[in-house]
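Letters go in sequence order (proteins before strands), and every chain restarts at 1. This structure is a prediction, so every number in the text was calculated from the model and none was measured.
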Amino acid sequence: MPELPEVETIRRGLEGELTGRRIDGVDWRPAKLRGGPSPRPLMEMEGKRVRELRRHGKFLLIGLSDRSTFVIHLGMTGKLLFAEPGEDERDHTHLVLGLDDERQLRFSDPRRFGLLKLFGPGKPVPDLDHYGVDALDPAFTPAALGTLLAGSGAPLKAFLLDQTKLAGVGNIYACEALWRAGLSPRRKARTTPKAKVAPLHAGILGALHDSLAAGGSSFNDYVDAIGQEGSFMMEVAVFQREGEPCPRCGGAIRRIVQSGRSTFYCPTCQR
DNA sequence: ATGATCTCCTGAGCGC
DNA sequence: TGCGCTCAGGAGATCA
């Protein structure tokens with residue numbers, strides 16, 4: 001599922017290919033996606049050029065020439081792929097943008113947990129109002145993490161998944177970051193020892209950067225905008241490795257369920 | 001106010 | 001072969 005490194009990999013791939021292109025056609029098949037209807041009909045993108053590609057957390061923000069913003073969230077199974085006209089379409093394709101270089105950019109999302117919204121020129125994006133600092137933002141420092149931790153009584157795993165505190169970390173990287181820091185996912189955030197704050201910060205950034213370097217995690221058949229798979233799943237220490245030995249201490253990796261989601265960790269060296 | 005649980009949705013995997 | 005079941009999870013809504 002796309003988390004920060006996957007969305008950033010896609011953003012980088014799109015940045016080179018899409019910036020400056022004009023959107024000549026908008027084939028929108030409005031399906032019921034998450035997040036309610038788009039404030040502006042997506043057809044209004046026709047004739048606009050792509051000015052910039054930004055990202056906040058797992059949201060992709062496409063700035064257009066008239067200063068409107070096209071917001072994309074890939075949810076669990078959303079895909080953005082370049083295609084040639086006439087090329088076979090994936091099932092559950094909800095949007096096809098025709099570009100002025102004769103290519104298409106297609107969005108498909110079988111589970112429809114994704115989101116497509118167009119905001120008019122100069123309009124803010126309310127979906128991001130309550131979002132926390134992006135995990136790759138320079139403002140996300142160890143000190144900032146310490147402040148956030150002190151304000152939360154949630155288990156560390158739930159804390160890391162809470163996008164209103166820190167944006168971009170999902171299930172894979174939450175598990176990996178906690179393993180790297182040697183912290184139990186069950187520990188209450190505000191009980192994190194002072195000496196463990198910097199290691200947790202380093203664990204989060206390390207997992208995200210390592211994944212970016214590998215082109216993201218290919219899991220649930222994630223691919224980037226040109227269909228490339230990422231290879232970070234080869235490097236994970238604990239995620240989906242229940243019963244396997246911990247790479248650090250050899251103890252058996254355990255799977256538990258927290259807030260309805262799988263958590264993988266090593267009970268021996270994560271305290 | 002905070003944290004836990006439910007909900008949306010489809011496809012994959014599994015046992016029989 | 002196919003049926004029914006469980007599971008996957010981002011994030012908003014709802015509940016305790």
Side-chain angles (χ1 to χ4, degrees), chain A residues 1-8 10-11 29-39 55-61 71-80 89-95 107-117 125-135 147-178 184-192 204 208 211 216-223 229 232-233 236 238-243 255-265:
Chain A
M1 69 284 328
E3 301 180 26
L4 187 152
E6 291 75 39
V7 179
E8 178 62 16
I10 290 167
R11 190 199 68 78
R29 304 119 191 219
K32 198 170 150 196
L33 297 177
R34 184 170 59 83
S38 172
R55 180 192 58 73
H56 188 106
K58 303 166 195 168
F59 281 87
L60 192 59
L61 307 162
V71 178
I72 301 175
H73 194 299
L74 300 173
M76 264 290 293
T77 53
K79 286 179 183 52
L80 274 176
E89 227 173 57
R90 304 181 78 101
D91 288 342
H92 308 284
T93 293
H94 306 301
L95 178 71
F107 174 81
S108 62
D109 182 8
R111 278 178 220 175
R112 292 195 248 147
F113 280 18
L115 173 156
L116 298 175
K117 285 188 184 181
V125 178
D127 303 71
L128 290 174
D129 278 353
H130 57 287
Y131 256 51
V133 62
D134 185 87
T147 304
L148 290 171
L149 287 167
S152 171
L156 277 172
K157 173 68 181 323
F159 169 86
L160 289 177
L161 291 181
D162 184 349
Q163 305 295 302
T164 69
K165 303 204 163 53
L166 179 63
V169 176
N171 211 24
I172 300 176
Y173 302 102
C175 292
E176 294 299 308
L178 289 168
S184 168
R186 316 168 79 129
R187 174 189 282 276
K188 297 266 186 282
R190 68 168 58 97
T191 73
T192 305
I204 294 167
L208 294 176
S211 179
S217 304
S218 283
F219 174 56
N220 273 0
D221 93 287
Y222 155 84
V223 287
E229 296 187 350
F232 185 68
M233 282 304 283
V236 296
V238 290
F239 189 72
Q240 290 199 331
R241 293 193 186 273
E242 181 180 16
R255 172 186 178 272
I256 59 173
V257 174
Q258 291 179 289
S259 2
R261 309 218 177 90
S262 290
T263 296
F264 300 87
Y265 76 115

Does any N or O in the side chain of [X] come within less than 3.5 Å of the main-chain N or O of [Y], such that one atom is a donor and the other an acceptor?
| X | Y | answer |
| --- | --- | --- |
| A/Gln163 | A/Val169 | yes |
| A/His92 | A/Gly78 | no |
| A/Gln258 | A/Lys157 | no |
| A/Glu8 | A/Arg55 | no |
| A/Glu242 | A/Phe264 | no |
| A/Glu176 | A/Val238 | yes |

- [ ] Select base, sugar-phosphate, or nothing to describe what A/Arg255 touches, counting heavy atoms under 4.0 Å on all strands.
- [x] sugar-phosphate
Open item on the list: Under 4.0 Å, counting only non-hydrogen atoms across every strand here, what does A/Gly153 touch: a base, just sugar-phosphate, or nothing?
Closed with: sugar-phosphate
Open item on the list: With heavy-atom distances below 4.5 Å as the criterion, would you say the side chains of A/Val71 and A/Asp127 are in contact?
Closed with: no
Open item on the list: I'd like to compare against my own output: the B/S/- annotation of nucleotides 11-16 of chain C with a strict under-4.0 Å heavy-atom distance to protein.
Closed with: BS----
Open item on the list: Ignoring hydrogens and geometry beyond distance, is a side-chain donor-acceptor pair present between A/Ser262 and A/Arg255 at under 3.5 Å?
Closed with: yes
Open item on the list: In this structure, how many angstroms lie between the P atom of C/dG9 and the CG atom of A/Leu74, rounded?
Closed with: 16 Å
Task: Gap between atoms CD and C1', on A/Gln258 and C/dA8 respectively (whole Å) - done: 17 Å
TODO: Indicate whether OP1 or OP2 belonging to C/dA8 is found under 4.0 Å from a side-chain N or O atom of A/Ser262.
DONE: yes
Task: 5' to 3' contact window, DNA chain B with chain A (heavy-atom distance under 4.0 Å) - done: B/dG3 to B/dG11
